[in-house]
Undergrad: 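Handing you a structure now.
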Amino acid sequence: MACIGRFAPSPTGELHLGNLRTALASWLSVRAAGGRWLIRMEDVDTARCRSTLGEAQLRDLAALGLESDGPVLWQSRRKGAYQAALQRLFGAGLLYPCICTRKDLAGMASAPHGEDGLRPYPGTCRHRPLPFLRPDALRFRVPEGSVAWEDLLLGPQQDDPAALTGDPLLHRRDGCYAYHLAVVVDDGGQGVTEIVRGQDLRGVTATQARLQEALGLPRPAYGHLGLVTAPDGSRLGKRDGALGLALLAHRGVDAARVLGWLGWSLGCLERPERAGLEELLPGFSWAKVPSGPVAVPASWM
Ligand code: GLU
């Protein structure tokens with residue numbers, strides 16, 4: 001089966017080094033397998049996303065030589081596909097309306113926090129006899145049981161989606177389709193076979209696998225990369241959040257140096273020296289990618 005990978009940023013801001021590292025790892029993995037690499041703009045949340053930010057992200061990716069092998073898919077134009085998926089889940093009895101407000105959810109202090117700060121939905125509306133209204137907040141009734149998968153980077157993984165995310169929201173009361181639905185429908189629709197993303201999303205994989213099963217979609221391979229941190233290993237704060245190509249160029253670090261550093265951080269080079277994609281590709285192998293976080297050079301801060 002041909003390998004199809006994708007990079008799927010949300011156009012809510014500038015791409016930072018962590019995003020660029022994810023994009024590069026995904027591109028290298030797909031190219032090493034002779035496959036196709038796609039870019040998808042995850043702009044379902046129209047209140048937070050801007051097409052101008054998406055265009056700027058595409059320019060930054062192109063500055064590193066990372067271009068989609070086919071048209072860039074914008075999720076804001078895919079509402080029909082998401083609605084059809086909801087219909088299918090409704091038909092299978094796997095959707096239920098939820099009337100919990102943000103305040104209700106915040107007040108559920110006893111709910112344990114899932115990894116990465118996610119708070120699993122405790123299932124309050126699961127057993128409430130509620131009518132389906134329009135527009136409704138709709139949740140996926142996640143089937144019981146844990147999900148096992150082999151992560152390209154982390155090896156064997158096993159998670160219980162009920163414990164990590166609970167029943168995720170698939171449609172919001174404001175009419176927006178939610179991330180879990182859009183990501184699963186589009187990965188399936190685009191024939192994606194390999195997903196490389198940050199470890200902050202590892203905890204949602206089991207939930208998305210359950211949704212794939214419910215929609216009759218195949219499960220892609222997953223690789224979850226360590227995050228890019230500040231030089232002292234702490235999380236890059238909001239203030240450093242724009243540590244992207246523009247700020248680095250302003251500090252005298254050009255695209256070839258960024259690419260060389262990213263490639264080195266993925267195990268493709270012996271030293272973090274300037275490089276082009278063609279110099280990184282022969283050195284790429286998942287066996288050489290470090291599984292932990294990687295710190296930005298202090299001189300770039
Ligand atoms: N759009 C998501 C983000 O930017 C990534 C989704 C994914 O890779 O599954 O965080």
Side-chain angles (χ1 to χ4, degrees), residues 3-30 37-51 53-58 60-61 66 68 72-78 82 85 114-118 140 147 149 151-154 157 159 161 164-165 168-170 172 176-212 215 217-228 235-236 238 241-244:
C3 177
I4 301 181
R6 53 72 162 174
F7 176 59
S10 305
T12 53
E14 202 184 334
L15 292 178
H16 55 70
L17 276 178
N19 303 132
L20 296 172
R21 186 168 183 262
T22 299
L24 177 62
S26 165
W27 185 93
L28 288 166
S29 178
V30 166
W37 188 74
L38 303 170
I39 299 177
R40 182 170 74 226
M41 281 293 156
E42 302 219 310
D43 62 341
V44 265
D45 188 348
T46 42
R48 291 179 58 235
C49 298
R50 296 276 172 277
S51 60
L53 291 171
E55 300 293 350
Q57 293 184 341
L58 293 174
D60 278 355
L61 292 166
L66 302 173
S68 185
V72 173
L73 187 140
W74 293 75
Q75 289 190 325
S76 52
R77 299 176 198 158
R78 298 265 303 150
Y82 307 144
E115 69 178 39
D116 312 323
L118 291 170
F140 173 45
V147 176
W149 79 96
D151 193 278
L152 292 167
L153 190 60
L154 306 173
Q157 305 288 304
D159 277 344
L164 285 180
T165 64
L169 210 54
L170 298 186
R172 296 193 332 213
C176 269
Y177 297 92
Y179 158 66
H180 288 294
L181 181 72
V183 83
V184 164
V185 168
D186 287 338
D187 283 330
Q190 293 188 289
V192 169
T193 62
E194 183 180 293
I195 293 174
V196 175
R197 57 188 184 184
Q199 272 169 31
D200 52 338
L201 288 171
R202 198 205 70 90
V204 301
T205 304
T207 301
Q208 294 178 2
R210 283 281 181 254
L211 197 47
Q212 285 152 4
L215 291 170
L217 297 169
R219 189 188 305 172
Y222 286 92
H224 289 96
L225 289 177
L227 302 185
V228 175
R235 231 185 147 93
L236 277 169
K238 275 242 165 2
L243 193 59

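Being a predicted model, the structure only gives us computed values, none of them experimental. Numbers for residues simply follow the sequence, beginning at 1. Every number for a ligand or one of its atoms is a count from 1 in the order of the listing.
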Undergrad: Can you tell if the side chain of Trp27 reaches within under 4.5 Å of the side chain of Val196, non-hydrogen atoms only?
TA: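 No, every pair of side-chain atoms sits at 4.5 Å or beyond.
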Undergrad: To the nearest 0.5 Å, what is the distance between CG on Leu227 and NE2 on His16?
TA: 8.5 Å
Undergrad: Looking only at side chains, do Tyr179 and Gln208 share a donor and an acceptor under 3.5 Å apart?
TA: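 Side chains of Tyr179 and Gln208: pair found under 3.5 Å.
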Undergrad: Got the residues with a heavy atom under 4.0 Å of ligand 1, by chain and number?
TA: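 Contacting ligand 1 under 4.0 Å are Arg6, Ala8, Pro9, Ser10, Glu42, Tyr179, Val183, Arg197, Leu201.
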Undergrad: Looking at Pro220 and Ile195, what are the two nearest heavy atoms and their distance?
TA: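 Shortest heavy-atom contact: CG-CD1, 3.7 Å.
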Undergrad: Mind checking side-chain contact (heavy atoms from CB on, under 4.5 Å) for Leu153 and listing every partner two or more places apart, or none if nothing turns up?
TA: Asp151, Gln199, Leu225, Trp286, Val289, Ser291
Undergrad: Using the six-membered ring wherever Trp is involved, compare the ring planes of Phe7 and Trp37 and label them parallel, tilted or perpendicular (cut-offs 30° and 60°).
TA: parallel
